[in-house]
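So the structure is just underneath, and the comments pick up after that.
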Amino acid sequence: MMQGLRDNMKIIIWITAIVFLVGFGILELGGVMDFRGAGNSSAGPAGVIAEINGKPVRKEVFDQTYSQMIDQLRQTRELREGEDAYIREQAWQQVVRNTILEQEANSRGIKSSPEEIKSAIRYSPPQFIVQSQVFSTNGQFDYRKYLAELDNPNSQVPWAQVEALVASQLPLQKLQEQVIAGAKVSDGDVRDRFLLQNERLTLNYIRFAPDSFPVDTMKIGGADIESYYKAHPEEFTGPEEAKVQVALVTRFPDKSDFDAARERLRPTLDELKAAPDSFEARAKVYSEISSNVRGGALPAPTPFDELRPIFRNGLANVAPGQISEILQEERSLHIFRVDSRQIDPVRKRDMILYHEIAIRVLPGPNAYRAALEKTKLFIKAAEKSELTAAATKYGYRTVESAYFAQGKSQNEVFQRFPDLETWVFTGKLGSISHAVPSETGWYVYQLLDRRKAGVRPLEQVSADVKKAIVRSLQMQRATAAAEQARAALASGAKEDEVSRRFNGTTGRADGVTRNGFIGSIGHDPKMVGRLMGMPAGAWTAVLTGLPGAVLFRIDGHQLPNEQEFQKMATQIRENLLAERRQVLFVEWMESLRRSAKVKDYREDYFDI
């Protein structure tokens, strides 16, 4: 067992080395191959894959990180076609971040002494040691067993490697501690969080949604737009923003992939046809969609004409109790057992109930290479003309984003590939990105526009100004209707009658906290904050905000007691401190990454 630990020490040490970053949300499937137009790509020195703040990073460092990630994945399953692109990007991101952190620790003079290293090993063993079965008793880490092995002069554990790992980690841990030391939590913060989570309202309301009060937009002219724009500059002020266009070059399985998958599935089909009653048991084993937990069962009959065309055609002549042939979708194969087909007497529609087995079909090497070649050709065409023209030529759909600020895109691709967002805000307008790998293909971006921070020029936001005017007029009408409704309620009218008469909607919201979620009408913390200070039992004044104009009646106000607060205060403080430390570290790391000067030479070694 000790020999096994020794043999696996290399990969274990690597895994441990990234835990520090994972804990703070830093290790991502991020970073993308360097981007055209970003001004950071050129032929580099031999054997160098990057220069980070002037320091060369040898390709061997990248290769080692990449190989270790591949080894880690293969401990659980085989590498799938195209997955190497993900792992290569993750390795790149890890190398960049580690190098930047090491440089920062060095610049601050942060070091670890031999005594600190030995003390850390003895009193704070690395996580992989704690999790190792070698030092486990009854499934728990046995500290005495660990110390005995640590003090054993004939130990087979490679303690020198453990010391090297801890020596490399300690400066980064000290750096982390320095960065997060500024996170503070006051007693008031703890009480505010307690009330935020535990003070609750029960509300009845009549909502007057702005969209329910249309206005004549034809009467809004240029003078109105200019006047509103000048009177409300704060509504049209913002940070630097950018806009991009994106196309997805999809990667589909080809005929050989489907043929191979169909052959693997055919024995199951034969068994099902021989024994249809075994369908549920086989679906639980073989099916790869969520219904497998129910044995592939559809929860309730569904209209036959709402099935996808391939299924309608494949099931048209399958009688109840029979098994379909194998049906092919774009990325999957399906087998059905029809349970019932009948006309719904009320809806007068053909309804079907069935069980289903579905398996994914992944693109094989040939399909992957073909899609990769299409992506290369597409990028070349986009560089010669533009993304839209190239997409039209090749039959790809494009999507144009709205303007977004850095770090505010709400886009998963940018969150996973932060270098892509950096390119968006530093690259040349009109430039085309490299291919950005995804689960289904490759994204290709074109940088369309950027606008500077400050008040937007009227010509850029005239459409937004008009929308704001429309919203303002609708809110005026909604508020007037709410005031009339409040007067009617005060005179004794019933709320349902008032709602109908003044074009409102009634509703109820239970358990409303200061987080600001008010049932089905949406999220407005300011509105909830005002409600918290109002008396229960009567209709409130008209409140306006994101949901529109609303009348509330507070039917219950639950105030937690001091005993509950004292019971929860310690845990709340710990949670708040952990949150603030994480935010502080992530923001600091993002700032450090943005300011780093990275010369990317990966094109010298890797294709697309």
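Using a distance-only test at 3.5 Å, with no hydrogens or angles considered, no donor-acceptor pair links the side chain of Ser119 to the main chain of Glu115. Side-chain N or O atoms of Arg450 include none that pairs as donor or acceptor with a backbone N or O of Leu429 at under 3.5 Å. Arg97 contributes no side-chain N or O that, together with a main-chain N or O of Arg593, makes up a donor-acceptor pair within less than 3.5 Å. Using a distance-only test at 3.5 Å, with no hydrogens or angles considered, a donor-acceptor pair links the side chain of Ser107 to the main chain of Glu104. Judged by distance alone, with hydrogens and angles left aside, the side-chain atoms of Thr65 form a donor-acceptor pair with the main-chain N or O of Val61 at under 3.5 Å. In this structure a side-chain-to-backbone donor-acceptor pair under 3.5 Å is present from Asp189 to Ser186. Checking side-chain atoms of Ser499 against main-chain N and O of Gly504 turns up a donor-acceptor pair under 3.5 Å. A donor-acceptor contact shorter than 3.5 Å links the side chain of Gln103 to the backbone of Ile52. Using modelled atom types, no side-chain atom of Glu102 and backbone atom of Thr99 make a donor-acceptor pair closer than 3.5 Å.
Within a 6.0 Å radius of CZ in Arg360, other residues, nucleotides and ligands contribute 12 heavy atoms or fewer. Heavy-atom contacts from other residues, nucleotides or ligands closer than 6.0 Å to CD of Gln140 number 12 or fewer. Shown here is Glu412, whose CD atom has no more than 12 heavy atoms of other residues, nucleotides or ligands within 6.0 Å. Tyr403 OH: more than 12 foreign heavy atoms inside a 6.0 Å radius.
The aromatic rings of Tyr228 and His232 lie parallel to each other, with less than 30° between the two planes, well short of the 60° mark. Taking the six-membered ring where tryptophan is involved, the planes of Phe194 and Phe565 are perpendicular, since the angle between them exceeds 60° and thus also 30°. Using cut-offs of 30° and 60° for the angle between ring planes, the Phe62 and Tyr66 rings count as parallel.
Legend: residues meeting side-chain hydrogen bond (donor to acceptor under 3.5 Å, both in side chains) with Glu562, ordered by chain and number and at least two apart, are Arg191, Gln566. Applying the side-chain hydrogen bond (donor to acceptor under 3.5 Å, both in side chains) rule to Arg508 yields the partners Asp510; only residues at least two apart in sequence or on another chain are considered. For Phe517, the ring-ring contact (aromatic ring centres under 6.0 Å, His included) test picks out His523, with sequence neighbours left out. Checked against side-chain hydrogen bond (donor to acceptor under 3.5 Å, both in side chains), Glu579 has the following partners two or more places apart in sequence or in another chain: Arg193.
A pairwise comparison of heavy atoms in Ala596 and Asn53 identifies CA-OD1, 3.5 Å as the closest pair. When all heavy atoms of Ala405 and Pro239 are compared, the pair lying nearest together is CB-CG, 3.6 Å. Across every non-hydrogen atom of Ser168 and Leu165, the tightest pair is OG-O, 2.7 Å. Closest non-hydrogen pair, Pro126 versus Val166, comes out as CG-CG2, 4.0 Å. Residues Val413 and Tyr445 share a closest heavy-atom pair of CG1-OH, 3.4 Å. The nearest pair of heavy atoms linking Trp92 to Ile49 is CZ3-O, 4.0 Å.
With respect to Lys145 and Glu149, no salt bridge is recorded, no charged nitrogen being found less than 4.0 Å from a carboxylate O. Asp187 and Arg573 are joined by a salt bridge, as a carboxylate oxygen and a charged side-chain nitrogen come within less than 4.0 angstrom of each other. Using a cutoff of 4.0 Å between basic side-chain nitrogens and carboxylate oxygens, Arg602 and Glu89 are scored as salt-bridged. Of the charged side-chain nitrogens involved, none lies within less than 4.0 Å of a carboxylate oxygen, so that Arg456 and Asp464 do not count as a salt-bridged pair.
Residues Pro560 and Leu195 form a side-chain contact, since some pair of their non-hydrogen atoms from C-beta on lies under 4.5 Å apart. Contact annotation: the side chain of Tyr443 never approaches that of Leu420 to less than 4.5 Å [non-hydrogen atoms, C-beta and beyond]. Side-chain contact between Ser136 and Gln133: present, with at least one pair of heavy atoms (C-beta onward) separated by less than 4.5 Å. Counting heavy atoms from C-beta on, the side chains of Lys174 and Arg108 never come closer than 4.5 Å. Side-chain contact between Leu447 and Val244 is present, with at least one heavy-atom pair separated by less than 4.5 Å. Side-chain contact between Gln406 and Glu240 is absent, with no heavy atoms from C-beta onward closer than 4.5 Å. With contacts defined as side-chain heavy-atom distances shorter than 4.5 Å, the pair Glu235/Val461 does not qualify. Residues Lys467 and Arg471 are not in side-chain contact: their nearest non-hydrogen atoms beyond the backbone lie 4.5 Å or more apart.
Remark: the Asn575 side chain and the Gln571 side chain contain an N/O donor-acceptor pair separated by less than 3.5 Å. Ser520 and Tyr205 share a donor-acceptor pair across their side chains, judged by distance under 3.5 Å alone.
Pairs engaging residues 547-559 under the side chain to side chain donor-acceptor pair (under 3.5 Å) rule: Glu199-His557, Asn204-Asp555, Glu495-Arg553, Arg553-Asp555 [sequence neighbours left out].
One distance of note links CD of Gln460 with CZ of Arg451; it measures 5.5 Å at 0.5 Å rounding. Atom CZ in Phe208 sits 13.0 Å away from atom CZ in Arg477 (nearest 0.5 Å). With values rounded to the nearest 0.5 angstrom, Ile87 atom CD1 is found 10.5 Å from Ser67 atom OG. One finds the OH atom of Tyr146 at 15.0 Å from the OG1 atom of Thr137 (value rounded to the nearest 0.5 Å). Atom CZ of Phe404 and atom CD of Glu421 lie 6.0 Å apart (nearest 0.5 Å). One distance of note links CG of Leu592 with CG of Leu101; it measures 6.5 Å at 0.5 Å rounding.
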Enumerate donor-acceptor pairs with a distance under 3.5 Å from any side-chain N or O in residues 525-552 to protein atoms, sequence neighbours excluded.
unit_1	atom_1	unit_2	atom_2	d
Thr540	OG1	Phe552	N	3.2
Thr540	OG1	Phe552	O	3.4

Report the C-alpha distance between Gln197 and Thr513 in whole Å, list the side-chain angles of each, state the deciding distance to 0.1 Å, and finish with yes or no for side chain to side chain contact (heavy atoms under 4.5 Å, CB included).
-> CA-CA 6 Å; Gln197 297 172 337; Thr513 70; over 6 Å; no

Would you sort out whether Leu175 and Trp588 count as a side chain to side chain contact (heavy atoms under 4.5 Å, CB included), showing the intermediate values?
-> CA-CA 11 Å; Leu175 173 62; Trp588 172 82; 3.9 Å; yes

